[in-house]
Peer 1: 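Handing you this structure, nothing more for now.
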Amino acid sequence: MQQTIGGMTNSPHSRGDNRQPLHTSVDAIVVGAGFGGLYALHCLRRMGFSAIAFEAGDGVGGTWYWNRYPGARCDVESLQYSYSFSEELDQEWTWSEKYAPQSEILAYANHVADRFDLRRDIRFETRVTEATFDEPATRWIVETDRGDRVTARFCLMAVGCLSAANKPPFDGMADFRGPIYHTGEWPKEGVDFTGLRVGVIGTGSSAIQSIPLIAEQAKALTVFQRTPNYSVPAYNAPLDPEHVHKVKADYPALRAKARSRPTGFYFPFNTGSALAATPEERRRQYEECWKRGGLPFLGAYGDLLFDKQANDTIAEFAREKIRSIVKDPKTAELLCPENVFGCKRLCVDTSYFETYNKPHVTLVDVSKTPIERFTPDGIVVAGTLYRLDAAVCATGFAAMTGAYDKMRIAGRGGLTLAEKWRAGPRTYLGMASAGFPNLFMITGPGSPSVLASMIQAIEQHVDWMVDLMAHMRDVGARTFEPKVEDEDQWVAHVNEVSQVSLRSTCSSWYVGANVPGRPRVFMPYIGGFPVYVQKCNEVMDSGYDGFIFDGADRATNAPPEVRLTRRWHVPLDMDVISPAMLAAKRVPVV
Ligand code: FAD
Ligand code: NAP
């Protein structure tokens with residue numbers, strides 16, 4: 001049995017090495033060694049910058065290092081949820097399943113770290129606690145919980161959008177006799193629930209993936225649900241070698257198609273209107289797309305996330321599916337969401353709803369009567385004690401800004417990022433924030449990030465950022481930062497675009513509503529990945545319009561040399577994302 005500390009199982013990702021504190025200076029510090037940090041290190045090196053990365057975990061992989069819960073796997077097909085910067089890497093790595101499991105994605109991250117010799121510049125088991133901009137020296141001073149103090153011209157935050165676990169402080173947690181796990185900090189050695197009475201709090205993607213597998217082991221499983229979620233079957237399966245061979249024969253073509261899609265990954269979709277179809281046509285189309293499964297189900301029609309009436313049709317179809325699977329009508333109704341379909345991140349499952357047909361699985365509604373407290377013996381809801389031997393918090397993350405909140409980041413005049421972002425994050429292009437010179441945020445708030453296939457979003461950001469750094473070296477500039485007015489306009493634009501989508505209407509983590517006390521602001525950029533990439537390209541081509549450079553000895557506003565970013569200069573797929581389609585609100589997003 002695991003030890004519990006402060007009510008939550010102590011993460012076994014504990015310190016093993018005994019290294020001396022680092023006191024040195026480099027061109028760039030990278031915080032985080034997930035897919036963002038790894039690619040940043042690779043590009044910095046390629047462009048001749050010295051760099052050190054700090055990573056809180058004892059290995060690479062980020063999300064895939066921490067989220068080892070049963071059933072964890074990607075929901076963007078593996079052939080696309082992978083790096084695209086190296087054709088050799090694309091050719092030599094072979095995914096085993098349509099949606100690879102966590103262990104395989106982690107193995108891939110480790111392979112990348114070894115293949116590109118990245119490990120030697122990463123300090124593991126080290127959490128960055130402070131980053132302070134030293135104005136006279138125009139350098140960042142970065143400090144860690146291991147006593148490191150490293151200065152750098154640039155700081156690249158690769159801290160992740162979904163990396164700060166949300167741990168609701170339920171009363172009595174410390175008294176609970178069993179272990180309490182969080183899906184996002186799962187023990188490395190795994191957990192055996194055989195013969196135990198297990199409680200799972202939450203019904204988001206992590207819960208929906210883990211519940212069927214926990215139910216296979218547990219003696220009894222109780223799920224505490226605050227809001228039901230829509231979920232589409234994954235139809236996961238081993239990848240057909242023929243299909244893999246075909247993709248590999250022309251991988252660049254698939255990557256190019258993916259880049260020109262609103263989501264940064266490719267799947268066939270229909271830009272027509274759900275409301276223009278007859279009920280029979282709609283049903284046929286929904287059945288057809290349901291059979292394909294996964295996130296592409298949302299591509300059934302182009303207006304589903306823009307028109308409530310259109311959305312009602314797909315929502316009702318999904319509810320009918322739930323009712324057809326779950327045998328107990330009361331449980332089925334509890335599992336039927338009422339909110340906009342796709343408003344919260346759509347879930348992708350294997351036998352999730354079927355699991356509620358098992359006699360030892362119970363669903364407890366905590367929407368009106370929240371979890372009261374833990375006791376030594378279990379969880380109390382509405383005066384009833386649910387007896388448990390172990391509990392799992394599948395309660396998600398303080399998304400987008402949570403990892404930033406955990407550090408003290410002080411920019412010009414000592415202003416901290418937390419102070420600046422008190423009413424919501426403010427960035428230009430989701431990459432940088434005025435008052436914090438030479439600080440980059442990979443997939444930061446205000447960029448497509450979590451609304452795109454994230455490895456693509458990461459690569460586009462890193463390419464653009466490292467090109468900007470190379471440009472500064474070309475012109476001899478010491479600092480860059482966004483102009484306040486351009487940042488203000490971008491923040492306003494991000495907000496305005498979000499209003500067009502039904503996604504802004506529900507209490508999701510996209511708006512910070514899952515964690516009490518956070519400002520309600522739609523954080524990712526919802527205007528579509530290619531539109532965003534085009535904007536970034538234009539900014540670069542114009543000589544970094546919207547940015548101020550300081551200390552340059554040559555003109556800074558001439559068009560810069562486009563190096564890594566060249567591959568993002570792809571034509572938009574105008575069939576899908578033309579201005580006319582945008583105006584008509586017929587752009588499928590997932
Ligand atoms: P992360 O992988 O989160 O890595 C950030 C790293 O920074 C972490 O290792 C963390 O320890 C470290 N760190 C943070 N703060 C500090 C600090 N102060 N000091 C030192 N280190 C620090 N996206 C998709 O596109 N498709 C999917 O199928 C998909 N599935 C997902 C499944 C799960 C369970 C989760 C949680 C997310 C999923 N995502 C998916 C999103 C996923 O987070 C990204 O795809 C991607 O892995 C993010 O990489 P990253 O490097 O930006 O961040
Ligand atoms: P999540 O979607 O935020 O779900 C958290 C769940 O916990 C929700 O059901 C939430 O209810 C519930 N919850 C939170 N606080 C609670 C409380 N105090 N009492 C009761 N219930 C509470 O988090 P997640 O499932 O970890 O997923 C986060 C994101 O990570 C996903 O949306 C996705 O982007 C990514 N992810 C992807 C996959 C994949 O399939 N590849 C898997 C896992 C995660 P409310 O809804 O009422 O807030």
Side-chain angles (χ1 to χ4, degrees), residues 19-33 36-37 40-56 120-123 126-159 403-404 406-421 427-428 431-442 444 461-462 464-484 487 544 547-554 556 560:
R19 68 174 178 80
Q20 293 301 306
L22 209 59
H23 289 241
T24 187
S25 63
V26 283
D27 293 328
I29 289 169
V30 177
V31 187
L41 263 186
H42 174 66
C43 290
L44 288 166
R45 250 200 230 153
R46 222 176 115 187
M47 298 300 283
F49 293 104
S50 61
I52 284 180
F54 291 112
E55 166 55 56
R120 65 183 153 92
D121 288 330
I122 308 172
R123 298 296 174 272
T126 307
R127 184 167 282 284
V128 168
T129 49
E130 285 191 38
T132 310
F133 187 63
D134 176 349
E135 284 193 65
T138 58
R139 293 184 75 78
W140 282 94
I141 303 166
V142 169
E143 293 170 87
T144 76
D145 63 356
R146 303 284 297 261
D148 305 302
R149 194 170 197 273
V150 180
T151 75
R153 175 77 64 212
F154 298 96
C155 204
L156 287 85
M157 293 294 174
V159 292
Y404 291 91
K406 287 183 163 183
M407 293 175 280
R408 185 178 188 279
I409 302 174
R412 284 194 196 283
L415 177 73
T416 65
L417 197 66
E419 282 159 5
K420 179 172 173 185
W421 285 8
T427 68
Y428 182 42
M431 288 203 252
S433 195
F436 297 83
N438 295 1
L439 183 101
F440 289 109
M441 296 156 187
I442 300 173
H461 261 191
V462 172
W464 198 95
M465 291 167 181
V466 178
D467 267 358
L468 187 149
M469 289 171 61
H471 172 66
M472 286 175 64
R473 187 168 55 191
D474 290 345
V475 299
R478 274 201 313 269
T479 64
F480 85 93
E481 70 187 283
K483 292 179 187 161
V484 173
E487 180 172 292
Y544 295 104
F547 287 94
I548 313 162
F549 290 96
D550 184 44
D553 47 27
R554 272 144 289 164
T556 56

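Index from 1, following the sequence.
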Peer 1: Measure across A434 and P482 and return the closest heavy-atom pair with its distance rounded to 0.1 Å.
Peer 2: CB-O, 3.5 Å
Peer 1: Indicate yes or no for a side-chain donor-acceptor contact from E143 to the backbone of V128 under 3.5 Å, with no hydrogens or angles considered.
Peer 2: no
Peer 1: Would R412 and E135 count as a salt bridge (charged side-chain N to carboxylate O under 4.0 Å, His left out) if you check the C-alpha gap in whole Å, the side-chain angles of each, and the deciding distance to 0.1 Å?
Peer 2: CA-CA 7 Å; R412 284 194 196 283; E135 284 193 65; 3.5 Å; yes
Peer 1: To the closest 0.5 Å, what do you measure between CZ (F133) and SG (C155)?
Peer 2: 11.0 Å
Peer 1: To check you understand the geometry: which heavy-atom pair defines the closest contact between L44 and A28, and what is its length?
Peer 2: CD1-CB, 3.9 Å
Peer 1: Please identify which of these residues, T129, T126, V142, I29, meets the side chain to side chain contact (heavy atoms under 4.5 Å, CB included) condition with D148.
Peer 2: T126
Peer 1: Looking at every non-hydrogen atom in both residues, tell me the closest pair between P21 and G147 and how far apart they are.
Peer 2: CB-O, 3.4 Å
Peer 1: Once rounded to the nearest 0.5 Å, what's the spacing between atom CE of M407 and atom CD of E130?
Peer 2: 11.0 Å
Peer 1: From I409 CD1 over to W140 CH2, what is the distance, rounded to the nearest 0.5 angstrom?
Peer 2: 7.0 Å
Peer 1: Between S50 and D27, is there a donor-acceptor pair closer than 3.5 Å when you use the side chain of the first and the backbone of the second?
Peer 2: yes
Peer 1: Does R149 CZ have over 12 foreign heavy atoms under 6.0 Å away?
Peer 2: no
Peer 1: Are the side chains of H23 and V150 in touch, meaning some heavy atoms are under 4.5 Å apart?
Peer 2: no
Peer 1: Quick one: does V30's side chain get under 4.5 Å of F54's, heavy atoms only?
Peer 2: no
Peer 1: Return the minimal non-hydrogen interatomic distance between L41 and A53, and the atom names on each side.
Peer 2: CD1-CB, 4.0 Å
Peer 1: Would you give the length of the straight line joining atom CD1 of I52 to atom CD1 of I122, rounded to the nearest 0.5 angstrom?
Peer 2: 11.0 Å
Peer 1: What is the minimum heavy-atom distance between R139 and V26, and which atoms define it?
Peer 2: NH2-O, 3.0 Å
Peer 1: Kindly check if the number of other-residue, nucleotide or ligand heavy atoms within 6.0 Å of CZ (R408) is above 12?
Peer 2: no
Peer 1: Would you call R123 and E55 a side-chain contact if the rule is heavy atoms closer than 4.5 Å?
Peer 2: no
Peer 1: Assess the residue pair R127 and T144 against the criterion (side-chain hydrogen bond (donor to acceptor under 3.5 Å, both in side chains)); give the C-alpha distance rounded to whole Å, side-chain angles, the decisive distance to 0.1 Å, and a yes or no.
Peer 2: CA-CA 5 Å; R127 184 167 282 284; T144 76; over 6 Å; no
Peer 1: Do H471 and F549 make a side-chain contact, defined as non-hydrogen atoms from C-beta onward lying under 4.5 Å apart?
Peer 2: yes
Peer 1: Where the side chain of T416 meets the backbone of E419, is there a donor-acceptor pair that is under 3.5 Å apart?
Peer 2: yes
Peer 1: In terms of ring plane angle, is the pair F49 and F154 parallel, tilted or perpendicular, where the classes change at 30° and 60°?
Peer 2: perpendicular
Peer 1: Could you state the interatomic distance from CD1 (I141) to CG (D134), rounded to the nearest 0.5 Å?
Peer 2: 4.5 Å
Peer 1: What class does the angle between the rings of Y544 and W464 fall in, given that below 30° is parallel, 30 to 60° is tilted and above 60° is perpendicular?
Peer 2: perpendicular
Peer 1: For R46, is the CZ atom crowded, meaning more than 12 foreign heavy atoms sit under 6.0 Å from it?
Peer 2: no
Peer 1: If you define the side chain from C-beta out and look only at heavy atoms, does anything of Y404 sit under 4.5 Å from M157?
Peer 2: yes
Peer 1: Could you state the interatomic distance from CG (L156) to CG (L439), rounded to the nearest 0.5 Å?
Peer 2: 8.0 Å
Peer 1: Looking only at non-hydrogen atoms, find the nearest pair between A158 and G37 and report the distance.
Peer 2: CB-N, 3.4 Å
Peer 1: Let's go through E487 and K420 carefully: what are the C-alpha distance in whole Å and the side-chain angles of both, what is the deciding distance for salt bridge (charged side-chain N to carboxylate O under 4.0 Å, His left out) to 0.1 Å, and is it a yes or a no?
Peer 2: CA-CA 13 Å; E487 180 172 292; K420 179 172 173 185; 2.6 Å; yes
Peer 1: With a 4.5 Å cut-off on side-chain heavy atoms, are M431 and M441 touching?
Peer 2: no
Peer 1: Pick one: which of E481, M469, M472 meets side chain to side chain contact (heavy atoms under 4.5 Å, CB included) with N438?
Peer 2: M472
